[in-house]
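See structure below.
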Protein chains: 2
Amino acid sequence: MMKFFDKSSILKAESFFRRDLVNSISGYKSLNLIGTQDRDGRTNLSPFSQVFHIGATPPLVGVLFRPNTVARHTLENILNTGYFTLNHVTEEFFKQAHQTAARYEESEFEATGIEKVYNEGFFAPFVAKSPVQVGCKLVEYQTLQVNGTVLVIASIELLCVDEKGLRADGSLDLNKLGTVTVSGLDEYHLGKKLARLSYPKPGKELEEI
Amino acid sequence: MMKFFDKSSILKAESFFRRDLVNSISGYKSLNLIGTQDRDGRTNLSPFSQVFHIGATPPLVGVLFRPNTVARHTLENILNTGYFTLNHVTEEFFKQAHQTAARYEESEFEATGIEKVYNEGFFAPFVAKSPVQVGCKLVEYQTLQVNGTVLVIASIELLCVDEKGLRADGSLDLNKLGTVTVSGLDEYHLGKKLARLSYPKPGKELEEI
């Protein structure tokens with residue numbers, strides 16, 4: 001049975017209800033811990049579900065920073081130093097990853113016990129146990145007039161992947177890597193593979209590949 | 001064993017390798033079929049994994065349109081009419097959903113057999129079998145200088161949710177709804193829930209809720 005909400009009933013709902021509902025709408029989301037440090041070497045780690053693909057050539061990612069949230073340290077460090085890392089989360093430490101969203105004064109690496117590592121001289125810290133670790137460099141950013149959300153665009157400078165999940169064609173097997181996905185604000189899942197499908201063409205039957 | 005790629009080795013890789021790798025980097029992504037129609041009533045349906053949360057009050061979503069792709073009909077319809085729908089995909093029709101990405105001349109609804117429905121007088125068509133159907137109205141758009149990607153921001157005007165997946169607090173149970181997630185360009189998964197976690201606070205133990 002479908003339940004309908006028009007815009008006015010969404011706006012009249014309790015704020016927690018609206019927040020939980022609207023945050024669930026897009027479906028399962030990517031989950032990345034973003035690692036940064038400031039110019040004094042103080043590290044920071046925070047979970048983000050608004051990381052997306054901008055392009056492959058050159059390789060670019062985008063991150064959305066919601067206004068007035070605990071993510072401001074992360075954003076400040078990115079704008080001040082130009083560097084950050086993206087790190088997948090696994091079942092082993094997803095609770096610690098969730099905990100990094102708490103308002104800590106000290107580094108979330110220390111506060112939650114998530115081990116950091118520095119790779120290949122890259123400025124910002126990575127998460128040692130992440131099967132996918134991406135070093136990114138700020139290219140540009142803009143503030144969306146509509147509500148102050150900041151869109152950061154960055155180039156991929158370094159990529160560290162657990163070989164067990166890297167296929168010959170370059171794609172990543174997230175099941176093998178144990179990558180976690182998030183729904184809503186606080187619900188974590190593994191993926192349960194249905195199928196990988198061939199390139200779609202009109203009149204051609206799809207195959208599982 | 002971690003494998004390292006610096007930017008130059010990513011750029012030197014075969015283009016298909018780079019494309020598959022970079023598209024996998026962010027992790028599991030939301031999957032939505034976007035439904036539109038033009039002013040002559042010709043409908044269009046296309047899969048997107050770049051749909052994200054902009055805000056809850058007012059309720060806003062963002063969609064990224066990569067330049068020069070089959071998504072141009074979708075984008076044209078949105079810019080010309082101002083309306084589109086987001087529709088979750090389930091195991092029942094994920095192959096048809098994948099197939100909507102093929103270069104059809106006719107409506108993908110007809111070409112793939114995905115049934116459309118119109119809700120509450122909303123202009124654009126929804127996917128009848130989607131457990132989550134969202135009617136959106138264009139608020140603003142901007143083209144990213146870096147590579148011509150278009151960012152569309154829209155308000156949520158209508159939301160239709162299968163009640164079985166709507167919790168009392170407003171969050172959606174995507175496992176119950178059967179929502180599918182995508183990794184890379186072509187790999188589909190269900191979610192396998194680990195846990196829902198309490199609000200994180202410094203010094204406070206997390207609980208499963």
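Please read all numbers here as calculations on a predicted model, not as lab measurements. All values below come from the heavy atoms of this structure, side chains included, with hydrogens, waters and symmetry mates left out. Here is the naming used below: chain letters follow the sequence lines, and residue numbers restart at 1 for every chain.
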Any donor and acceptor pair, going by atom type alone, linking the side chain of B:D186 with main-chain N or O of A:Y199 inside 3.5 Å?
no
Taking the side chain as every heavy atom from C-beta outward, state whether A:M2 and B:Q133 have any atom pair closer than 4.5 Å.
yes
Among B:L172, B:N23, B:T181, B:L197, residue most engaged with chain A (heavy-atom pairs, under 4.5 Å)
B:L197
Between B:I10 and chain A, which part of the residue has a heavy atom less than 4.5 Å away: side chain, backbone, both or neither?
side chain
At a 4.5 Å cut-off on heavy atoms, which part of B:L11 comes close to chain A: side chain, backbone, both, or neither?
side chain
Between A:L190, A:L177, A:N32, the one whose heavy-atom pairs under 4.5 Å with chain B are most numerous:
A:L190
Could you check whether atom CD of B:E106 has more than 12 heavy atoms from other residues, nucleotides or ligands sitting under 6.0 Å from it?
yes
Partner set under side-chain hydrogen bond (donor to acceptor under 3.5 Å, both in side chains) for A:D162, not counting sequence neighbours:
none
Please lay out, stage by stage, how A:H189 and B:K192 fare under the test side chain to side chain contact (heavy atoms under 4.5 Å, CB included).
CA-CA 5 Å; A:H189 316 256; B:K192 190 176 149 201; 5.6 Å; no
Are B:L158 and A:F5 packed together at the side-chain level, in the sense that at least one heavy-atom pair is separated by less than 4.5 angstrom?
no
B:S198: which residues meet the side-chain contact (heavy atoms from CB on, under 4.5 Å) condition with it, sequence neighbours left out?
B:L206, B:E207, B:I209
Run the salt-bridge test on A:D20 and B:R196 with the 4.0 Å N-O cut-off and return the result as yes or no.
yes
Do you know which of B:N147, B:L174, B:V134 has the most heavy-atom pairs with chain A at a distance under 4.5 angstrom?
B:L174
Of A:P59, A:G203, A:A195, the largest count of non-hydrogen pairs under 4.5 angstrom with chain B goes to A:A195
Checking A:S30 side chain against B:G27 main chain: does a donor-acceptor pair fall under 3.5 Å?
no
Examine whether an atom of A:V146 lies under 4.5 Å from a heavy atom of chain B, and if so say whether it belongs to the side chain, the backbone or both; otherwise answer neither.
both
Mark yes or no for whether A:R103, through its side chain, and B:P202, through its backbone, hold a donor-acceptor pair below 3.5 Å.
no
Using modelled atom types only, decide if a donor and an acceptor are shared between the side chain of A:Q99 and the backbone of B:K201 within a distance under 3.5 Å.
yes
Select one option (side chain, backbone, both, neither) describing which atoms of B:K3 are under 4.5 Å from chain A's heavy atoms.
both
Please rank A:I54, A:V61, A:L86 by heavy-atom pairs under 4.5 Å with chain B and give me the top one.
A:I54
Are there residues of residues 107-128 of chain A that reach to under 4.5 Å of chain B by heavy atoms, and which ones?
A:N119, A:E120
Is any side-chain heavy atom of A:F4 closer than 4.5 Å to one of B:V161?
no
Walk me through it: do B:E140 and A:Q145 pass the test side chain to side chain contact (heavy atoms under 4.5 Å, CB included)?
CA-CA 9 Å; B:E140 61 175 268; A:Q145 307 263 9; 4.3 Å; yes
Other residues, nucleotides and ligands only: do more than 12 of their heavy atoms fall within 6.0 Å of NZ on A:K193?
yes
Flag, side chain of B:D169 to backbone of A:F16, donor-acceptor distance under 3.5 Å:
no
Interface moiety of B:A168 toward chain A, non-hydrogen atoms closer than 4.5 Å
backbone
Verdict with reasoning, A:T57 to B:R18, per side chain to side chain contact (heavy atoms under 4.5 Å, CB included):
CA-CA 8 Å; A:T57 311; B:R18 177 170 54 256; 2.7 Å; yes
Identify which part of A:I153 has an atom lying under 4.5 Å from any heavy atom of chain B, answering side chain, backbone, both or neither.
side chain
For A:E14, is it the side chain, the backbone, both or neither that has a heavy atom under 4.5 Å from a heavy atom of chain B?
neither
Engaged part of B:V139 at the chain A interface, taking heavy atoms whose separation is under 4.5 Å:
side chain
Non-hydrogen atoms of chain A under 4.5 Å away: do they reach the side chain of B:E163, the backbone, both or neither?
both
Interface residue of largest heavy-atom contact number with chain A, from B:S15, B:S9, B:P200, under 4.5 Å
B:P200
Against chain A, label B:L166 side chain, backbone, both or neither, depending on which of its atoms sit under 4.5 Å from a heavy atom there.
side chain
Which one wins on heavy-atom pair count under 4.5 Å against chain A: B:V180, B:V182, B:L185, B:N175?
B:N175
Pairs where residues 88-98 of chain B contributes a residue and the test side-chain hydrogen bond (donor to acceptor under 3.5 Å, both in side chains) is met, not counting sequence neighbours:
A:E208-B:K95, B:H88-B:T179, B:E92-B:K129, B:H98-B:Y188
For the candidates B:P131, B:S183, B:G55, which exhibits the highest count of non-hydrogen atom pairs separated by less than 4.5 Å from chain A?
B:G55
B:L64 versus chain A, the contacting section by heavy-atom distance below 4.5 Å
side chain
Could you walk me through whether B:Q142 and A:Q142 pass the side chain to side chain contact (heavy atoms under 4.5 Å, CB included) test, one step at a time?
CA-CA 11 Å; B:Q142 30 188 309; A:Q142 30 187 309; 2.3 Å; yes
Nearest-0.5 Å distance that lies between atom NE2 in B:H53 and atom OG in A:S26:
9.0 Å
Is B:V51 in contact with chain A via its backbone, its side chain, both, or neither, using a 4.5 Å heavy-atom distance?
both
Most heavy-atom pairs under 4.5 angstrom with chain A, which of B:V89, B:T149, B:I156, B:V132?
B:I156
Region of B:L151 in contact with chain A, defined by heavy-atom distances below 4.5 Å
side chain
Which residue out of A:Y104, A:Y28, A:F52 racks up the most heavy-atom pairs below 4.5 Å with chain B?
A:Y28
Would you mind checking which part of B:I25 comes under 4.5 Å of any heavy atom in chain A, side chain (CB onward), backbone (N, CA, C, O), both or neither?
both
For the candidates A:L194, A:V22, A:L31, A:L21, which exhibits the highest count of non-hydrogen atom pairs separated by less than 4.5 Å from chain B?
A:L194
Contact origin within B:E157 toward chain A - heavy atom pairs under 4.5 Å:
both
Contacting moiety of A:K204, where chain B heavy atoms sit under 4.5 Å:
backbone
